[in-house]
Amino acid sequence: MKDTLPIPVTAPLSNAQKTQLLNLVRRAARAEILPRFRQLDSGDIDTKADEMDLVTAADTGAEAMITRGLQMAFPHALVIGEEAISKKPDLLDGVGAAELCFIIDPVDGTWNFARGMPLFGTIIAVCRFGQPVFGMIYDPVGDDAVMADNTSPALWQTRTGRHRPIKTRAPKPLSEMVGYMHIRLMAPADQAIMWRKVGVLAHAGALRCSAHEYRLLATGAVDFVLSSHLNSWDHAAGSLICAQAGGKSAMLDDTPYDATKTSGFLLTASSPETWDRVAAHFADLLSDS
């Protein structure tokens with residue numbers, strides 16, 4: 001893909017613009033998300049695909065506020081959010097051709113949020129021609145964010161505004177690895193493969209929240225995230241942040257990931273060595289049998 005792009009893919013945001021983006025997300029959290037946490041009425045929660053796939057007034061309110069702010073700051077950019085996409089899926093068709101695209105997940109971990117669990121976050125990915133070039137994962141409860149662009153190391157910005165570098169963990173044997181895998185979302189045949197394979201690991205689970213799964217991977221708490229449910233609003237930011245923190249993110253067949261991918265298996269791991277070990281262990285997922 002890189003050889004066919006009309007212009008070089010570079011990080012599009014200045015430091016001032018990154019600060020502007022974080023401030024916009026923080027304002028949306030304070031205005032639309034946190035006031036509704038543990039305060040939702042039944043009429044504030046709707047289902048989408050099934051009872052595990054929820055949308056709340058916080059999702060729609062925060063996405064609308066962030067979208068308006070981005071459209072004002074970047075009038076020529078494509079700005080799309082999870083809730084807008086759920087109503088109009090063809091919005092995703094423009095991601096690969098957009099020189100500058102913002103992809104918003106206003107409340108990632110909506111099921112947790114709706115049930116009163118403080119494990120949710122706001123994800124913003126910036127892409128150029130489908131390739132992630134900046135990612136931010138903001139925790140409204142902690143009022144902090146991890147972020148990275150494609151030219152700089154990943155950072156953690158604390159609630160007081162201090163920056164500190166983050167680093168993924170060192171390679172471990174499979175028997176000591178902890179990973180997040182969205183087995184429930186996989187096809188039945190793939191689920192069967194996964195259940196046969198996970199027993200080798202120290203622990204395998206899912207948080208129902210890509211934001212915190214990727215934050216924990218980027219900050220050295222776990223070893224990998226493996227998913228076949230390739231919503232770009234879940235993965236584009238986190239895969240980039242983890243790669244810039246010292247890890248590797250690619251499709252399970254070792255082809256590059258970008259935000260236009262909608263099928264296959266995305267593996268993000270704490271190091272190239274860890275990625276190789278996990279990919280080899282789950283290689284049966286690539287079999288046609």
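- Ile123 pairs by the side-chain contact (heavy atoms from CB on, under 4.5 Å) definition with Asp105, Asp108, Ile137, Ala211, Ala237, not counting sequence neighbours.
- Asp223 and Thr274 are not linked by any side-chain donor-acceptor pair at a separation below 3.5 angstrom, with hydrogens and angles left out of the test.
- Legend: ring pair (Phe, Tyr, Trp, His ring centres under 6.0 Å) pairs involving residues 171-192, not counting sequence neighbours: none detected.
- Among residues two or more places apart in sequence or in another chain, the side chain to side chain donor-acceptor pair (under 3.5 Å) test is passed with His163 by Gln157.
- Note that CD1 of Ile166 is 7.0 Å distant from CD1 of Ile241, once rounded to the nearest 0.5 Å.
- Considering only residues two or more places apart in sequence or on other chains, Asp276 meets the salt bridge (charged side-chain N to carboxylate O under 4.0 Å, His left out) condition with none of them.
- Here the straight-line distance linking atom CG of Asn231 with atom OG of Ser210 works out to 8.5 Å at 0.5 Å rounding.
- Inspection of the Asp144 and Tyr138 side chains reveals no N or O donor paired with an N or O acceptor under 3.5 Å.
- Between Asp59 and Arg36 there is no salt bridge, since no side-chain nitrogen of the basic residue lies less than 4.0 Å from a carboxylate oxygen of the acidic one.
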Just distance, no hydrogens or angles: give the donor-acceptor pairs under 3.5 Å from side chains in residues 189-207, sequence neighbours left out.
unit_1 : atom_1 : unit_2 : atom_2 : d
Gln191 : NE2    : Met186 : O      : 2.7
Lys197 : NZ     : His281 : O      : 3.2

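- The CG atom of Leu22 sits 8.0 Å away from atom CG of Asp143, with the distance rounded to the nearest 0.5 Å.
- Considering only residues two or more places apart in sequence or on other chains, Thr60 meets the side chain to side chain donor-acceptor pair (under 3.5 Å) condition with none of them.
- Annotation: ring pair (Phe, Tyr, Trp, His ring centres under 6.0 Å) contacts involving residues 205-227, sequence neighbours excluded, comprise Tyr214-His235.
- With sequence neighbours excluded, the residues satisfying side-chain contact (heavy atoms from CB on, under 4.5 Å) with Thr160 are Thr158, Arg162.
- Leu78 and Phe74 fall into different hydrophobic clusters, defined by Ile, Leu, Val, Met, Phe, Trp and Tyr side-chain heavy atoms under 4.5 Å apart, directly or through other members.
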Report task. For side-chain contact (heavy atoms from CB on, under 4.5 Å), just list the numbers for Phe120 and Thr122, CA-CA rounded to whole Å, side-chain angles, deciding distance to a tenth of an Å, and then say yes or no. Result -> CA-CA 7 Å; Phe120 55 89; Thr122 300; over 6 Å; no
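- Rounded to the nearest 0.5 angstrom, Leu240 CG and Thr268 OG1 are separated by 10.0 Å.
- In this structure, CG on Leu267 lies 8.5 Å from NZ on Lys248, to the nearest 0.5 angstrom.
- The hydrophobic cluster around Met65 extends to none of the other residues, as no ILVMFWY side-chain heavy atom falls under 4.5 Å of it.
- Between Met136 and Phe134, the closest side-chain pair of non-hydrogen atoms falls below 4.5 Å.
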Report task. Verify side-chain contact (heavy atoms from CB on, under 4.5 Å) between Ile80 and Ile104, making sure each step is shown before the conclusion. Result -> CA-CA 6 Å; Ile80 54 177; Ile104 308 163; over 6 Å; no
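- Contact annotation: the side chain of Val126 approaches that of Leu13 to within less than 4.5 Å [non-hydrogen atoms, C-beta and beyond].
- For the pair Leu92 and Trp233, the minimum side-chain heavy-atom distance is below 4.5 Å.
- In the hydrophobic clustering, Leu155 connects to no other residue, as no ILVMFWY side-chain heavy atoms lie under 4.5 Å from its own.
- The side-chain contact (heavy atoms from CB on, under 4.5 Å) search around Lys261 returns Leu230, Met251, Thr255, Tyr257, Asp258, not counting sequence neighbours.
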Query raised in the report: So Thr56 and Phe113, side-chain contact (heavy atoms from CB on, under 4.5 Å) or not? Walk me through it.
Result: CA-CA 9 Å; Thr56 73; Phe113 178 84; 3.9 Å; yes
Report task. Check the pair Gln20, Asn23 against side-chain contact (heavy atoms from CB on, under 4.5 Å), reporting the backbone distance first and the verdict last. Result -> CA-CA 5 Å; Gln20 182 182 15; Asn23 288 340; 5.8 Å; no
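- Salt bridge Arg277/Glu273: present, at least one basic N to carboxylate O contact under 4.0 Å.
- Side-chain contact between Val55 and Ser86 is absent, with no heavy atoms from C-beta onward closer than 4.5 Å.
- For Asn112, the side-chain contact (heavy atoms from CB on, under 4.5 Å) partners two or more places apart in sequence, or in a different chain, are Met117, Leu119, Arg208, Cys209.
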